[in-house]
Asks: 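Okay, handing you the structure first.
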Amino acid sequence: MSLKKNVSTSMDELVGLCKRRGFIFPSSEIYGGYNGFYDYGPLGCELKRNIKDAWWRDMVHRRDDMVGLDSSIIMHPSIWKASGHVEGFSDPMVDCKESKLRYRADQLFFAPVSVAGSVIGYVTVLEAPDQQELAEAAADSLKRKQGVQGKLDPLVLRDYTEAQPKEYALIPSPATGKPGSLTPPRDFNLMFETHVGALRDASAVAYLRPETAQGIFANYKNIVDTGRVKVPFGIAQIGKAFRNEITPRNFIFRSREFEQMEIEYFISPDADWRQLHQEWIKTRLDWFVSIGLPRESLHQDVHQDEKLAHYAKACTDITFRFPHGQQELEGIAVRGDFDLMQHQQHSGKSMEYFDEASKKKYVPHVIEPSLGVDRTLLALLTAAYCKDEVDGEERTVLKFHPRIAPFKAAVFPLVKNKEPIVERARALYQRLQRRWNVFYDASGAIGRRYRRQDEIGTPFGITIDFDTLEKDGSVTLRDRDTTEQTRMSEDELFSFLEEKIDS
RNA sequence: GCGGGUAUAGUUUAGAGGUAAAACCCCUGCCUUCCAAGCAGGUGUCGUCGGUUCGAUUCCGUCUACCCGCACCA
């Protein structure tokens, strides 16, 4: 058997396999599909559930400092005002009609150029550390081109969102340098709106949550008051989130409805957050490896200070080599006390915590490891997808870790026209089924049945043959990745599977 | 949102202005003592809406979805 590395898994192949085998379907496909939404089929929902279960077990059940939460998707609209999503979770965009380029209005700066109080034109610069100098140079060149004498008045840069309607026609496009080709800024809030109650007026507006994290902050006080938790501790939540993305793309990587697994880990303001941050990064990297992502496919993207959001002290993304490029899987941010302070201010409720150990009162800071379930699933599919050759025949294999494989094992009677073999196989299948999600298949040649399971990532095939009945009761266990076979007793089989799947 | 491309069975493809095909897959039966075997049978298709036409899956337009590039991704 020769192995080919899956160096260039193409997204097309993956999408095709997902659909063909029932992992993922386009949403509403019978009506032509619906951009940005996907459905998880029989195998996909098992895979997804296994990912979430593994995360919950490892991050919540197997730790002493974590508790869980399941908050509502629609929450009081004030939550999103406090969090900044109503104001800030939007990107006003500007298009240049001539060059077809698009800019974020808040990253595009302009200023009227005036000499001795009279405006001779406008200049535009893109956001940059030296934008003031660039603008002044542009203004200078404008003055010379127009042959105007005199000293330039000081330039006052404003971003494009502050432009007056009458100025739109005067501001030059950064691409062409000519005025008049920029559109007015178009506002785009990424939150889905809905209405709560019978009235559909402005007072009834509510939002589908764009992240699960705010549900955690909103319940922080409840959990501190009732949960017998002590800082440092974390609250974990898994749930759907919704963002009205401008351009969903790359299959389930960026969709409008997706599922998050988020932790808010509350720490003392005096704690060594740099070290705790590093510990979380390691914890999360190890976890990805434990569910089957190769360590060498994972990288860290450390955000530079100037790239950080205003509420973050540090942020490191864990990225993965997806078919469409090296992209973010999980963000691990140090958010300080921004969110709790915002909610304290907007709700008027104290978010202070009394620390018994230090006898101090404070609002805790947080470290936020936040990842997408769907992205994790896509990463696992990408990593698992392989094409092998077995005896000259190409086969497609999903080399899932047994922990997350949709089916843990498949049971086959070697032939189906010998009733005792079939009976014995069904009996074993039913025994296994009490414990794991397993599959039974009696149709077709045994080799075909193995290949079918290879393609959906079932790690083990168990075959009942004549020796099982006539000799020692042993069964054949066939390994998906090596295709090697081992005979073992049913008792040995159970302890083998237990070790491989549940450890 | 802009530009380009694509859309025929579950998959990969063929096809012609006049009853739409093949291979593989899938299902059933027979056979089969470990890697997609064989035999017999079977299900299933022109993305949407509109126009031209006696007749459109084919020509034209619309919409939708997908792919590539640009832009975007607190």
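The chains referred to below are lettered A, B, ... by the order of the sequence lines, with proteins before strands, and numbering in each begins at 1.
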Asks: Rounding to an integer number of Å, can you tell me how far Phe25(A) CZ sits from G47(B) P?
Replies: 21 Å
Asks: Base, sugar-phosphate, or nothing: which does Asp465(A) touch, judged by heavy atoms less than 4.0 Å apart?
Replies: base
Asks: Rounded to whole Å, please give me the gap between CG in Asn244(A) and P in G1(B).
Replies: 10 Å
Asks: Parallel, tilted or perpendicular: which one describes the rings of Tyr38(A) and Phe251(A), with boundaries at 30° and 60°?
Replies: perpendicular
Asks: Could you state the CZ-P distance from Phe412(A) to A36(B), rounded to the nearest angstrom?
Replies: 13 Å
Asks: Among the nucleotides U32(B), G10(B), C34(B), which one has an atom lying closest to any side-chain atom of Lys19(A)?
Replies: G10(B)
Asks: Calculate the interatomic distance between Glu394(A) atom CD and C35(B) atom C1'; express it in whole Å.
Replies: 15 Å
Asks: Does Phe466(A) stack onto the base of U33(B), taking stacking as ring centres under 5.5 Å apart and planes under 30° apart?
Replies: yes
Asks: Scan every strand shown for a Watson-Crick or G-U wobble partner of U6(B), both distances under 3.5 Å, and answer none if you come up empty.
Replies: A65(B)
Asks: Expressed as a whole number of Å, how far does the C1' atom of U53(B) sit from that of U58(B)?
Replies: 13 Å
Asks: Choose from C66(B), U32(B), C35(B) the nucleotide whose nearest atom is closest to any side-chain atom of Tyr38(A).
Replies: C66(B)
Asks: Of the nucleotides G10(B), C34(B), A37(B), which one has an atom closest to the side chain of Thr476(A)?
Replies: C34(B)
Asks: Under 4.0 angstrom, heavy atoms only, what part of the nucleic acid is Glu211(A) near: base, sugar-phosphate, or nothing?
Replies: base
Asks: Any strand is fair game: report the nucleotide pairing with U57(B) by Watson-Crick or G-U wobble, both distances under 3.5 Å, or none.
Replies: none
Asks: Say you pick atom P in U57(B) and the same atom in U19(B); how far apart are they, in whole Å?
Replies: 12 Å
Asks: Can you check whether any acceptor in the base of G69(B) is under 3.5 Å from a donor in the side chain of Arg249(A), or vice versa?
Replies: yes
Asks: Would you confirm whether the ring centroid of Phe253(A) sits within less than 6.0 angstrom of the ring centroid of Phe322(A)?
Replies: yes
Asks: Could you pick out which residue, Gly447(A) or Lys418(A), lies toward the 5' side of RNA chain B when each is mapped onto its nearest nucleotide?
Replies: Lys418(A)
Asks: Can we call the ring centroids of His365(A) and Phe266(A) under 6.0 Å apart?
Replies: no
Asks: Look at Asn417(A) and U32(B) and indicate whether a side-chain polar atom (N or O) is within less than 4.0 Å of OP1 or OP2.
Replies: yes
Asks: When you get a sec, tell me which of C67(B), C72(B), C34(B) is the closest nucleotide to the side chain of Asp12(A)?
Replies: C67(B)
Asks: Do Phe496(A) and Phe460(A) make the cut of ring centroids closer than 6.0 angstrom?
Replies: yes
Asks: Please tell me which of Glu470(A) and Asp441(A) maps to the more 5' nucleotide of RNA chain B, matching each residue to the nucleotide holding its nearest heavy atom.
Replies: Asp441(A)
Asks: If I take atom CG in residue Asn250(A) and atom P in nucleotide C70(B), what distance separates them, rounded to the nearest angstrom?
Replies: 12 Å
Asks: What nucleotide, of G10(B), C35(B), C34(B), holds the atom closest to the side chain of Ile446(A)?
Replies: C34(B)
Asks: In this structure, how many angstroms lie between the P atom of C25(B) and the CD atom of Glu393(A), rounded?
Replies: 11 Å
Asks: Work out how far the P atom of U6(B) is from that of A22(B), and round it to whole angstrom.
Replies: 27 Å
Asks: Rounded off to whole Å, could you give me the CZ-to-P distance for the Arg449(A) and U32(B) pair?
Replies: 14 Å
Asks: Choose from C34(B), G10(B), C35(B) the nucleotide whose nearest atom is closest to any side-chain atom of Arg20(A).
Replies: G10(B)
Asks: Using only side-chain N and O atoms of Arg448(A), determine if any of them is under 4.0 Å from OP1 or OP2 of C26(B).
Replies: yes
Asks: Ring of Tyr440(A), cation from Arg426(A) - is the NZ or CZ under 6.0 Å from the centre and inside 45° of the axis?
Replies: yes
Asks: For Arg21(A), is there an ion pair with Glu455(A) - N to carboxylate O distance below 4.0 angstrom?
Replies: yes
Asks: Salt bridge or not for Glu259(A) and Lys52(A), using N-O below 4.0 Å?
Replies: yes
Asks: May I ask you to say what Arg452(A) touches in the nucleic acid, namely base, sugar-phosphate or nothing, with a heavy-atom cut-off under 4.0 Å?
Replies: sugar-phosphate
Asks: Please report, rounded to the nearest Å, how far the P atom of C72(B) is from the CG atom of Asn35(A).
Replies: 19 Å
Asks: Are Lys416(A) and G29(B) close enough that a side-chain N or O sits under 4.0 Å from OP1 or OP2?
Replies: yes
